[in-house]
Amino acid sequence: MAVPVFCNVCFCEPRKPTPRFSLTSCGHVVCEICLQKGKKDECLICRTPCRTLFLSKQTNPDIQSLFMGIDTLCKKYSKEITQVSEFQEKHRKHLLAYHRQKTVKLEESLKKVTQQMHQIQCMRPPEQTTQLPFSSTSRN
């Protein structure tokens with residue numbers, strides 16, 4: 001259920017023919033008739049400087065959402081959040097697949113290098129051990 005719109009000054013509600021309603025930058029709703037009675041660029045309710053925006057079907061959707069029912073907003077944003085979540089998950093999976101593939105290649109390279117090092121070590125002649133003059137066998 002949408003939030004009922006009414007003038008915060010005279011409390012009239014939209015009807016046919018209806019005066020246009022405006023939303024002030026300070027968050028009040030004022031009908032066109034009351035708006036004309038007040039000072040320009042000053043809110044009739046809180047007396048602070050403000051701007052006004054006529055409410056219509058062409059009003060910015062963010063402003064329109066202020067007058068939607070919570071259930072409708074939840075459905076709308078739930079759908080948007082689901083789309084964003086699916087988009088982000090798709091890109092995370094893509095990045096993860098890239099890093100997994102890179103890891104596999106690096107592991108293969110490491111395995112090859114390790115094998116090459118082992119082969120090189122096997123090809124070397126055994127090192128001759130030289131006894132040091134002060135080894136334990138020379139003392140006796």
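What you see below is based on every heavy atom in this structure, not just the backbone, and it leaves out hydrogens, waters and symmetry mates. The first residue of the sequence shown is numbered 1, and numbering continues consecutively from there.
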**Study point:** Basic-acidic side-chain contact under 4.0 Å: E89, R92
**Key:** yes

**Study point:** Nearest-0.5 Å distance that lies between atom CD in Q88 and atom CD1 in I81
**Key:** 11.0 Å

Check your understanding: Between C7 and F21, what is the shortest heavy-atom contact and its length?
Key -> N-CE2, 3.4 Å

**Study point:** Between CG on residue L23 and CZ on residue F67, distance to nearest 0.5 Å
**Key:** 5.0 Å

Review point. Between atom OG of S85 and atom NZ of K90, what is the distance when rounded to the nearest 0.5 Å?
Key: 13.5 Å

Exercise for review: Establish whether F6 and L66 are linked, either directly or via other cluster members, by ILVMFWY side-chain heavy-atom contacts under 4.5 Å.
Suggested key: no

**Study point:** Candidate pair H94 and Y98, rule ring-ring contact (aromatic ring centres under 6.0 Å, His included), full reasoning
**Key:** CA-CA 6 Å; H94 188 69; Y98 166 77; 8.2 Å; no

Check your understanding: Within a reach of under 6.0 Å around NZ of K75, are more than 12 heavy atoms found that belong to other residues, nucleotides or ligands?
Key -> no

Review point. Do L95 and H99 come within less than 4.5 Å of each other through their side chains, counting heavy atoms only?
Key: yes

Point to revise | Side-chain touch P49/D41, heavy atoms, less than 4.5 angstrom | key: no

Check your understanding: Are F54 and I63 connected in the hydrophobic side-chain network, where two residues link if heavy atoms are under 4.5 Å apart?
Key -> no

Revision key, fill the gap. Nearest heavy-atom contact between R47 and E42 is CD-OE2, 3.6 Å

Check your understanding: Hey, mind stepping through C34 and L44 against side chain to side chain contact (heavy atoms under 4.5 Å, CB included) and telling me if it holds?
Key -> CA-CA 8 Å; C34 290; L44 284 162; 4.1 Å; yes

Check your understanding: How long is the gap from CD on Q83 to OG on S78, to the nearest 0.5 Å?
Key -> 10.0 Å

Study note, to complete from the structure: Note: L35 and V30 closest approach over all heavy atoms is N-CG1, 3.6 Å

**Study point:** C10 side chain reached by I33 side chain, heavy atoms, under 4.5 Å
**Key:** no

Study note, to complete from the structure: When rounded to the nearest 0.5 Å, the distance separating CG of L96 from NE2 of H91 is 14.5 Å

Review point. Looking at I45 and N8, what are the two nearest heavy atoms and their distance?
Key: CD1-O, 3.2 Å

**Study point:** Close side-chain approach of T103 and L106, heavy atoms under 4.5 Å
**Key:** no

Revision key, fill the gap. The reported gap from NE2 in H28 to OG1 in T48 (rounded to nearest 0.5 angstrom) is 7.5 Å

